[in-house]
Amino acid sequence: MEQENDWDRDLLLDPAWEKQQRKTFTAWCNSHLRKSGTQIENIEEDFRDGLKLMLLLEVISGERLAKPERGKMRVHKINNVNKALDFIASKGVKLVSIGAEEIVDGNAKMTLGMIWTIILRFAIQDISVEETSAKEGLLLWCQRKTAPYKNVNVQNFHISWKDGLAFNALIHRHRPDLIDYDSLRKDDPVTNLNNAFEVAEKHLDIPKMLDAEDIVNTARPDEKAIMTYVSSFYHAFSGAQKAETAANRICKVLAVNQENEQMMEDYEKLASELLEWIRRTIPWLENRTQEKTVNDMQAKQEDFRDYRCVHKPPKVQEKCQLEISFNTLQTKLRLSNRPAFMPSEGRMVSDINGAWHTLEGAEKGYEEWILSEIRRLERLEHLAEKFHQKAAIHESWTDGKEAMLTQKDYETSTLSEVKALLRKHEAFESDLAAHQDRVEQIAAIAQELNELDYYDSASVNARCQKICDQWDSLGALTQNRKESLERTEKQLESIDELYLEYAKRAAPFNNWMEGAMEDLQDMFIVHNIEEIQGLITAHEQFKSTLAEANKEREAIQAIQAEVQKIAQSNGIKLSGANPYTTITPESIDSKWEKAMGMVPLRDTALQGELNKQNNNDSLRAKFATQANTVGAYIQAKMEEIGRISIEMNGTLEDQLTNLRDYQTSIMSYMPEINTLEGSHQLIQEALIFDNQYTSYTMEHLRVGWEQLLTTIARTINEVENQILTRDAKGISQEQLYEYRASFNHFDKDHSGALMAEEFKACLISLGYDVENDKQGDSEFARIMSIVDPNNSGAVTFQAFIDFMSRETTDTDTADQVIASFKILAADKAFITAEELRRELPPDQAEYCIARMAPYTGPDAAPGALDYMSFSTALYGESDL
């Protein structure tokens, strides 16, 4: 600075330089004096009384000088100038051979020297680029700003500026909209200089301090004049550079905020759509509208299978992606020092997991209900068929019985005929009693159909009621007829004992045959080999009784043969059929032959069912073999991914690549899952409801497979977030290894999370003072509030990494953003929409305008906006 203050007075002897300095220094002084509403015309005359000189120093320094003396005498003027010179000296400036008397006398050489000293101190001295002196700093600044421009080579503050291109380049570098640089010609310096001077005065508020002709016509323009004018450019553009830096910082912060808000909107939209799908699906799964037939329920089962295999898998992927997006967003918010994202009410990840759990519970209940309904409807159809079969047999038996019981044939019969009618009636009563069991079975089946809510219970009840009413009527009519015959019995004595014995033995036997045929035709439904083998065993036992039954049949036929023998031997003419029964020997033989024909048919049916159950057992075994393999695979892979997530080696990129390759290898197992689904479908189509060969169910394996895929995706996302944390925070790979090693060392149970005491031990090992004392407990509580804001009692590895990176790296803060806005606002406590639109890109300017609250301070101007509350809200320190 001393070298620059060493003002060479001899140079002022050059009239050309003196002229340039007069004009430049005068314009420079006026550029400051006009702020106080005054100016000078003649630099050596207007400063003689010292008043405007003191005013100039007050304007450029921003300080108050001693009160000037207003007298007109020479002594007053000298005193004022001395006050100005003393103020200059107080700023560390050495005034060489410049006295107040010379200034008061109007010495042009001394006055110009004094003004140059003031310019050096207050306009140039503070310029510093890379620790250079003021002059060198200003020259280096000019060189850097004009370096990209052709025909410009700034090496000094005199001849390098003669062609005017350097002035135009400075303006174009900062305000390209004001200068068409490519249209300038090096051989037209006057035009170039005047263009720069006019643009600077009109648009940059830099007064014209030089004449183009003086510069061009001087072999070596005055260095001080050039430096004074160029310093005005430096000060004019330095503010713009600060504004540009501030704008860039704000743009960066706003870009991060806009990206985060978009991710929040995407999360909310995807969460809403997934929750809406769950909300629509659960009522369908909770619908328990019963169907009438097995086929209808199997159609529902097919719809449910389509839902599990087609509609649900994409939603599983959406749920997984939602969790990944949420974790990534939270990581980005932490890295940018923003508050954690809190989804709107009901859209938290926990809410979605809860809704998903409810959905899966509804799925399980719906599938169990379908299977139970199919069993119920099978049972109902079997019972209904059995009811109608027994009812038809009973109705066939009762047909004509009422007419028989109401006839009066005994009134005109002989004694023997009456006795025969009585015996016949006794046989009918025996037959009636034998049918009592069938009627009770019919009523019991109808009752069971009602209890099981059979859809056609009304017609079943009507038919059952008709049968019961008819049965009661038959009982009453039987009793009436018996009483009538007994009144007549006193007059009748003869009876054919053989006919009676035949009737008594034929009726039970006939009833036994009808029961046997009914049993042989009885429908059956079984679910396993043991049940069908039980039926086969019962059937074999039945066949073992056929020999004894045949003996009874032959004995009955022998009674009829004895009747014929007695009649023939005694010459008795038989009037017709046995009077005590309608069962003829022919009907017995016919039913016997019919029953014997049913036996092999029953054998065939039972054998066919046995073959079916054997096939079903094969299906069970096949499914069990596949299920056991898949179940073991899923269990092994779950354990393996657990180890991988804890024992990760190599760089994070290597770990990510290995995990993705691992995920691909897992997905290649999907055909095995599809094959298992095919086997499960065959099991369901065969109506197989149990499987003793495996403990796995298809539902269990589906859940395990989905959990495996989700775990892999979460592990990949964790590594991606670690990469994001490392890149954003500048954490080295060695630091990450150290963090992982410390975390794993204290994660004794390999759960992927540290309990509070484990985490404290880990912190102590890393040098944190969290010992068991009042200060240590307070520090540990503060750290836990950061890594475990939800008070779950556990610290994940990602939270641990975030905390360690936050402790070791810097991030943008609200104070930094407020300082940037303050620069754009020209140090005001508020900013206007016009200033935002001028300094920021359009979209980010409008973003700020839309979110900034009106400024309400006492110095508020129309349209003033509060950038301070906006900045603190960006970092969660207040509300937008």
Side-chain angles (χ1 to χ4, degrees), residues 31-37 58-64 126 171 174-178 200-207 232-262 264-265 333 336-339 341-342 810-880:
S31 69
H32 293 288
L33 288 173
R34 66 183 178 182
K35 298 176 184 177
S36 295
E58 287 183 344
V59 170
I60 62 178
S61 69
E63 300 179 23
R64 296 290 295 178
D126 292 333
I171 297 173
H174 294 90
R175 292 291 302 275
D177 56 312
L178 301 179
E201 185 173 37
K202 181 178 180 181
H203 297 284
L204 304 178
D205 199 26
I206 299 175
S232 298
F233 282 93
Y234 174 88
H235 290 294
F237 291 134
S238 62
Q241 186 166 350
K242 291 180 181 178
E244 179 182 356
T245 302
N248 288 337
R249 176 181 291 276
I250 292 173
C251 289
K252 176 184 175 183
V253 171
L254 295 180
V256 170
N257 225 55
Q258 289 173 313
E259 180 183 2
N260 292 341
E261 287 184 357
Q262 184 61 47
M264 293 175 190
E265 292 175 4
L333 289 172
S336 59
N337 202 24
R338 302 308 198 271
F341 170 53
M342 289 297 294
D810 292 329
T811 57
D812 291 327
T813 65
D815 290 340
Q816 291 176 324
V817 176
I818 290 173
S820 299
F821 272 118
K822 189 173 183 180
I823 292 174
L824 297 188
D827 290 334
K828 298 192 297 294
F830 61 85
I831 194 166
T832 65
E834 180 182 359
E835 289 171 328
L836 287 170
R837 291 190 176 103
R838 184 178 69 236
E839 301 294 347
L840 298 179
D843 61 330
Q844 296 188 337
E846 297 305 323
Y847 177 86
C848 292
I849 294 169
R851 287 164 172 76
M852 281 188 183
Y855 177 73
T856 58
D859 56 339
L865 299 175
D866 187 352
Y867 61 78
M868 294 186 182
S869 64
F870 173 77
S871 300
T872 57
L874 289 177
Y875 292 87
E877 299 174 12
S878 64
D879 296 328
L880 277 176

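Partners of Arg175 by salt bridge (Lys or Arg N to Asp or Glu O under 4.0 Å), not counting sequence neighbours, listed by chain and number: Asp177. Looking at residues two or more places apart in sequence or on another chain, you find a salt bridge (Lys or Arg N to Asp or Glu O under 4.0 Å) between Asp205 and Arg34.
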Task: Derivation of the side chain to side chain contact (heavy atoms under 4.5 Å, CB included) call for Ile818 and Thr872 - done: CA-CA 8 Å; Ile818 290 173; Thr872 57; 4.1 Å; yes

Open item on the list: For Leu865 and Phe870: C-alpha separation, side-chain torsions, deciding distance, then whether side chain to side chain contact (heavy atoms under 4.5 Å, CB included) applies.
Closed with: CA-CA 9 Å; Leu865 299 175; Phe870 173 77; over 6 Å; no

Open item on the list: Please evaluate residues Ile171 and His203 with respect to the criterion side chain to side chain contact (heavy atoms under 4.5 Å, CB included), reporting the C-alpha separation (whole Å), side-chain torsions for both, the decisive distance (0.1 Å), and the verdict.
Closed with: CA-CA 10 Å; Ile171 297 173; His203 297 284; over 6 Å; no

Task: CA sep, side-chain torsions, deciding dist, call: Ile250, Gln844, side chain to side chain contact (heavy atoms under 4.5 Å, CB included) - done: CA-CA 9 Å; Ile250 292 173; Gln844 296 188 337; 5.8 Å; no

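Side-chain polar atoms of Glu261 and Tyr847 form a donor-acceptor pair below 3.5 angstrom.
Ala825 approaches Lys828 most closely through the heavy-atom pair O-NZ, 2.7 Å. Pro339 approaches Leu333 most closely through the heavy-atom pair O-CD1, 3.5 Å. Contact between Asp843 and Gln258 at its shortest, heavy atoms only, is O-NE2, 4.2 Å. Residues Arg338 and Asn260 come closest through the heavy atom pair CG-ND2, 4.2 Å. Contact detail for Leu836 and Met852: the closest heavy-atom pair is CD1-SD, 4.1 Å.
The backbone N or O of Glu259 lies less than 3.5 Å from no partner atom in the side chain of Gln262, so there is not a single donor-acceptor pair. Under the 3.5 Å distance criterion, the side-chain polar atoms of Lys35 are left unmatched by any main-chain donor or acceptor of His32.
Residues Ile831 and Asp866 have side chains not in contact (no heavy-atom distance under 4.5 Å, counting atoms from C-beta outward). Counting heavy atoms from C-beta on, the side chains of Glu63 and Glu58 never come closer than 4.5 Å. Between Tyr867 and Tyr855 there is no side-chain heavy-atom pair separated by less than 4.5 Å. Here the side chains of Arg837 and Ile849 are in contact, with some heavy-atom distance below 4.5 Å.
To the nearest 0.5 Å, atoms CG (Leu840) and SG (Cys848) are separated by 5.5 Å. Taken to the nearest 0.5 Å, the CE atom of Met264 stands 11.5 Å off from the CE atom of Met342. With rounding to the nearest 0.5 angstrom, the OG atom of Ser31 is 10.5 Å from the NE2 atom of His235.
Atom NZ of Lys822 has 12 or fewer heavy atoms from other residues, nucleotides or ligands within 6.0 Å.
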